Amino acid sequence: MAKIGILGLGIYLPSKKLTNHDLEKMVETSDEWIRSRTGIQERRIASLNEKTSDLAAQAAKNALKDAKISADKIDLIVVATISPDSNFPSMACKVQKAIGARHATAFDVSAACSGFLFALTTAKQYIQTGLARRALVIAAERISGLIDWKDRNTCVLFGDGAGACVLGPVKSGGIVADFMQAFGDQGELMQVISPEARSPFHPQKDAPDRLPYVLMQGQELFKVAVNSMADAVEKVLKKAKLKKSDIDCIVPHQANDRIISAVAHKLDIPKKKIFVNIDKYGNMSAASIAVALYEAKKSKKIKKGDKVVLVTFGAGLVSAANVVKF
Ligand code: ACO
């Protein structure tokens, strides 16, 4: 079977930073609480005229530049997001227009924080089966628009950003194993609540006083996150016929530094093998792992020839992992 790998990586982060000290002025919280409970120091927030599709298109352009491939050589665009500009058109179609990828087909996937890895595996399958030759896989979130900025339980955790990669045939290495799993019965642990449904038979009397917002059962989610990520690593390594000691670097979803430490402990893998950048960006949902992968590569934490595990979990609940040889 053809080997499919990452040909280039790119990110885009809004310039505006929201620090823990800024949040102290908005809700009853403290820098100390946020740092000690999550490891987060600051996060990026998109401006009002910066849409998810703008973040996605910028990350895509940067990934194409890194891969030295022009947009018209791309025949598939998959965008992972849970915070699109609107229900339709898809973010992938908007990116296609923005970058001029006139030969590409395009669609979105929704798998929350696992979205980038679900999109990666989907695009890889398209290329492996001959339906596409080169794909752009993008994860972009403007999650600030889904947050209740008066709810200290959630508003301190999230940030906006985007990451992208170009996928295509490689001579050696590439994505050597994939794992995806869903636990729909635990979906209520993390969800977006839309206060009022609309129907022509039940006209809305007043505008809802609350926009859709994120609701989360943090402690339960914490346990599921640790167990499902550790399990996904074990399963994907088995598929790749590799041992834990063969792995040079793990790039996990960045939801909470304590979750990452607990996964390292459960797997008996030294924390220094795990890439962490949650301090700078918070949880960017699908975009977290794409941005972390980019930064791990650029900072030489991932070098040529390294075997890397990408692992994530997210609302759904869903978890995923991939083994990539660089
Ligand atoms: N500042 C100060 N106090 C706070 C804050 C805050 N921002 N938020 C909550 N508290 C309070 C609580 O009200 C509670 O007070 P009480 O004891 O008087 O009731 C106290 O702090 C302790 O709250 P806990 O929920 O016990 O805190 P915990 O140590 O569990 O940390 C956290 C909370 C950080 C949310 C943790 O549970 C967590 O990270 N869970 C996983 C969350 C996650 O990963 N979400 C995303 C997953 S899916 C995806 O990525 C899309």
Side-chain angles (χ1 to χ4, degrees), residues 18-43 52 80-84 109-119 139-161 163 181-184 186-193 212-230 232 251-263 276-279 281-292 310-321:
L18 181 73
T19 66
N20 292 349
H21 295 294
D22 295 329
L23 281 160
E24 284 174 349
K25 295 174 202 137
M26 296 164 58
V27 288
E28 206 180 320
T29 190
S30 66
D31 175 53
E32 197 281 321
W33 192 97
I34 302 169
R35 274 178 202 247
S36 61
R37 293 298 219 286
T38 71
I40 302 167
Q41 295 180 31
E42 59 187 33
R43 66 290 287 143
T52 305
T81 188
I82 48 163
S83 50
V109 301
S110 171
C113 307
S114 298
F116 184 66
L117 298 193
F118 273 55
E141 302 285 13
R142 194 185 179 289
I143 207 130
S144 56
L146 288 175
I147 298 300
D148 177 350
W149 288 98
K150 293 192 197 106
D151 178 8
R152 70 176 183 174
N153 292 295
T154 53
C155 77
V156 302
L157 302 175
F158 297 96
D160 301 332
Q181 197 164 21
F183 315 91
Q186 295 181 62
E188 76 285 356
L189 292 183
M190 167 113 190
Q191 48 190 318
V192 169
I193 303 291
Y213 62 97
V214 169
L215 190 68
M216 187 183 81
Q217 295 177 38
Q219 285 190 356
E220 271 313 299
L221 211 47
F222 193 104
K223 286 179 231 153
V224 179
V226 174
N227 291 333
S228 64
M229 288 215 284
V251 181
H253 173 48
Q254 312 278 317
N256 183 324
D257 191 39
R258 285 192 300 142
I259 292 178
I260 295 171
S261 296
V263 171
V276 181
N277 65 356
I278 191 172
D279 51 321
Y281 307 122
N283 181 349
M284 296 182 285
S285 185
S288 271
I289 204 160
V291 172
L310 311 175
V311 61
T312 183
F313 80 101
L317 300 178
V318 279
S319 68

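For clarity, every value in this text was computed on a predicted model and none was experimentally measured. Indexing begins at 1, ligand by ligand and atom by atom, following the structure's order. The first residue of the sequence shown is numbered 1, and numbering continues consecutively from there.
From the protein, the heavy atom lying nearest to atom 45 (N) of ligand 1 is Met216 SD, 3.3 Å. In this structure, atom 26 (O) of ligand 1 lies nearest to the protein heavy atom Gln219 NE2, 2.4 Å. Summary of contacts: the protein heavy atom closest to atom 1 (N) of ligand 1 is Thr29 OG1, 2.7 Å. For atom 44 (O) of ligand 1, the closest heavy atom belonging to the protein is Ala255 CB, 3.4 Å. Nearest to atom 8 (N) of ligand 1 among the protein's heavy atoms is Trp33 CH2, 3.4 Å. Given atom 9 (C) of ligand 1, the protein heavy atom at minimum distance is Asn153 OD1, 3.2 Å. In terms of protein heavy atoms, atom 46 (C) of ligand 1 is closest to Asn283 ND2, 3.6 Å. Nearest protein heavy-atom contact of atom 14 (C) of ligand 1 is Arg152 NH2, 4.7 Å.
Applying side-chain hydrogen bond (donor to acceptor under 3.5 Å, both in side chains) to Arg43 and the options Asp279, Asp22, Asn20, Asn283 leaves one that passes, Asn20.
The proximity of Ile82 to ligand 1, defined as any non-hydrogen pair under 4.0 Å, does not occur for either the backbone or the side chain. With a 4.0 Å heavy-atom cut-off, ligand 1 is reached by the side chain of Val156 but not by its N, CA, C or O. By the criterion of a heavy-atom distance under 4.0 Å, the backbone of Glu28, and not its side chain, is placed next to ligand 1.
Heavy-atom contacts of Arg258 reach the following atoms of ligand 1: 28 (P), 29 (O), 31 (O) (cutoff under 4.0 Å).
For ligand 1, the polar-atom distance check against Asn256 finds a nitrogen or oxygen pair separated by under 3.5 Å. Checked by distance only, ligand 1 and Ser30 stay at 3.5 Å or farther apart across all their nitrogen or oxygen atoms. Considering backbone and side-chain N/O of Arg37, one or more are found under 3.5 Å from N/O of ligand 1. Polar contact check, Gly218 against ligand 1: a nitrogen or oxygen pair lies under 3.5 Å apart.
Residue contacts with ligand 1: Val27 is excluded, as none of its non-hydrogen atoms falls under 4.0 Å.
Residue Ala80 comes nearest to Phe116 through the heavy atom pair CB-N, 3.7 Å, listed as atom of the first residue, atom of the second, then distance.
Distance screen at 4.0 Å: atom 21 (O) of ligand 1 has a protein heavy-atom neighbour inside the cut-off. For atom 51 (C) of ligand 1, the nearest protein heavy atom lies under 4.0 Å away.
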